[in-house]
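Note that the structure is predicted; figures quoted are calculated from it, not measured. Chain A is the first sequence line, chain B the second, and so forth, proteins listed ahead of strands; every chain is numbered from 1.
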Protein chains: 2
Amino acid sequence: MDDLEIRKAGLKVTLPRIKILELLREHTDRHLSAEDVYKLLIGCESDVGLATVYRVLTQFESAGLVKRHNFEGGQSVFELDRGGHHDHIVCLDCGHVEEFIDEVIEKRQRTIVKEKGFALEKHALILYAHCSRGNCPNRNR
Amino acid sequence: MDDLEIRKAGLKVTLPRIKILELLREHTDRHLSAEDVYKLLIGCESDVGLATVYRVLTQFESAGLVKRHNFEGGQSVFELDRGGHHDHIVCLDCGHVEEFIDEVIEKRQRTIVKEKGFALEKHALILYAHCSRGNCPNRNR
DNA sequence: TGTTAAATGCGAATTCTTCTCGTTTGTACA
DNA sequence: TGTACAAACGAGAAGAATTCGCATTTAACA
């Protein structure tokens, strides 16, 4: 149940929070922007303000429930954090997101950083590509 | 000379453009935001407007003279494009930027994308780390 | 069920970036 | 070398994404 995760994060279990978590669970193929979440909420009775959406997403991020990514396009997008790091392939046409993790790349990164005398904190690897799904072409995100 | 590159890009050779190109040449250790460029220009007599800085940087980008990156922090940063792709290590403390290119990683990326049935267009790999330069700690960008 | 701190919604404020428009300035060509 | 004209400029308004401030509502827990 959603309640538990929110409670575990030390947050009150409120309708906006439950709804937002629910939405993120339903949309795993395409990461959602705050605006996206807001619009989806409007479309389903719940009357949640945009400021609340931003607030909740940011809190969820701090709590480790969601991850924020800065793909191209200026606005942040969010995805459920189901633990475990992964990188992304993003379709430039339809916004479809595919996850992947590659140990060869991960290892090389650590090596490179160490060689340069840095201490790796985190990384962002995004492959921008064109996917080949039937419903894709031109459905510009 | 700066003039040539600007001219070759099909742009008029104006003072703002010359100055901005000059600045980018002088700051290769740390990518500059439009704001950074604007402030540096103020600090050296030239009276260039912020709008012009954005305009010129965007034009330079289209012309292939500079590259725009979206590191963390919300604002775009720019670097001279000396041809040849590379990825970045960014110091979270001082903003220092180190470039690198790793063929192992490049190759793996192509393989992964192909396996998933995508056509790779471009990618962004940024390693966020802590550097160990003397003047670094806490000089929060 | 009442109290209280936390959360919400709204609109105003910020921040980064782009646009508009009247003025200035390279550039080509006489 | 002067002139005409499109291109470029500066300043401030406008726009997009995000955050803030505050009065009101609500979940939590006694």
Side-chain angles (χ1 to χ4, degrees), chain A residues 1-21 23 31-42 44-63 65-66 68-78 95 140-141, chain B residues 1-21 23 31-42 44-63 65-66 68-78 95 140-141:
Chain A
M1 213 66 280
D2 292 336
D3 298 27
L4 260 172
E5 299 194 49
I6 298 173
R7 203 178 305 272
K8 266 194 290 184
L11 299 168
K12 281 194 193 176
V13 179
T14 64
L15 217 70
R17 286 177 181 155
I18 294 173
K19 284 280 176 192
I20 290 172
L21 207 47
L23 276 180
H31 294 357
L32 301 176
S33 67
E35 189 77 29
D36 290 335
V37 171
Y38 177 63
K39 282 182 188 155
L40 286 167
L41 285 172
I42 285 181
C44 71
E45 100 278 346
S46 332
D47 222 357
V48 179
L50 183 55
T52 299
V53 173
Y54 275 104
R55 249 185 318 234
V56 169
L57 286 172
T58 302
Q59 291 160 339
F60 281 1
E61 187 190 10
S62 308
L65 288 178
V66 312
R68 176 195 304 255
H69 301 291
N70 299 296
F71 295 167
E72 292 198 334
Q75 64 202 120
S76 302
V77 292
F78 300 83
N140 262 331
R141 61 156 324 209
Chain B
M1 209 74 275
D2 291 339
D3 299 27
L4 260 171
E5 299 195 50
I6 297 174
R7 204 178 302 271
K8 266 195 291 184
L11 299 168
K12 280 195 193 174
V13 180
T14 64
L15 218 72
R17 286 179 180 151
I18 294 173
K19 283 281 176 193
I20 291 173
L21 207 45
L23 277 179
H31 294 358
L32 301 175
S33 66
E35 189 77 28
D36 291 334
V37 171
Y38 176 62
K39 282 182 187 152
L40 286 167
L41 285 171
I42 285 181
C44 70
E45 100 279 345
S46 332
D47 221 359
V48 179
L50 183 55
T52 299
V53 173
Y54 275 105
R55 246 184 322 232
V56 170
L57 287 172
T58 304
Q59 290 161 339
F60 281 1
E61 187 191 9
S62 307
L65 289 177
V66 312
R68 177 196 302 256
H69 301 290
N70 299 295
F71 294 168
E72 291 199 332
Q75 67 201 115
S76 301
V77 293
F78 299 83
N140 262 329
R141 57 159 324 202

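A:T52 and A:R55 share a donor-acceptor pair across their side chains, judged by distance under 3.5 Å alone.
Note that CZ of A:F78 is 10.5 Å distant from CG of A:D36, once rounded to the nearest 0.5 Å. Taking CG of A:D47 as the start and CG of A:L41 as the end, the distance is 9.5 Å to the nearest 0.5 Å.
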**Item:** Footprint string (nucleotides 4-14 of chain C, 5' to 3'): B base within contact, S backbone only, - free, heavy atoms under 4.0 Å
**Value:** -BBSBBBB---
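Rounded to an integer number of Å, the gap from A:E72 CD to C:dT17 P is 14 Å. For B:L57 and D:dC9, the CG to C1' distance is 15 Å, given to the nearest whole Å. Between the CD1 atom of B:I18 and the P atom of D:dC9 there is a distance of 10 Å, rounded to whole Å. If you measure from atom CD1 of B:I42 to atom P of D:dC9, you get 16 Å, rounded to the nearest angstrom. Atom NZ in B:K19 sits roughly 14 Å away from atom P in C:dG26 (whole-Å rounding). Look at CD on A:E35: it is 15 Å from C1' on D:dT19, rounded to the nearest Å. For the pair A:Q75 CD and D:dA17 P, the computed distance is 5 Å after rounding to whole Å.
Side-chain contact between B:L65 and B:E5 is present, with at least one heavy-atom pair separated by less than 4.5 Å.
A donor-acceptor contact shorter than 3.5 Å is absent between the side chain of B:R68 and the backbone of B:S76.
Partners of B:E35 according to the side-chain hydrogen bond (donor to acceptor under 3.5 Å, both in side chains) rule, which considers only residues two or more places apart in sequence or in another chain, do not exist here.
When each of D:dT18, D:dA28, C:dT27 is scored by its nearest atom to the side-chain atoms of A:Y54, the top-ranked nucleotide is D:dT18.
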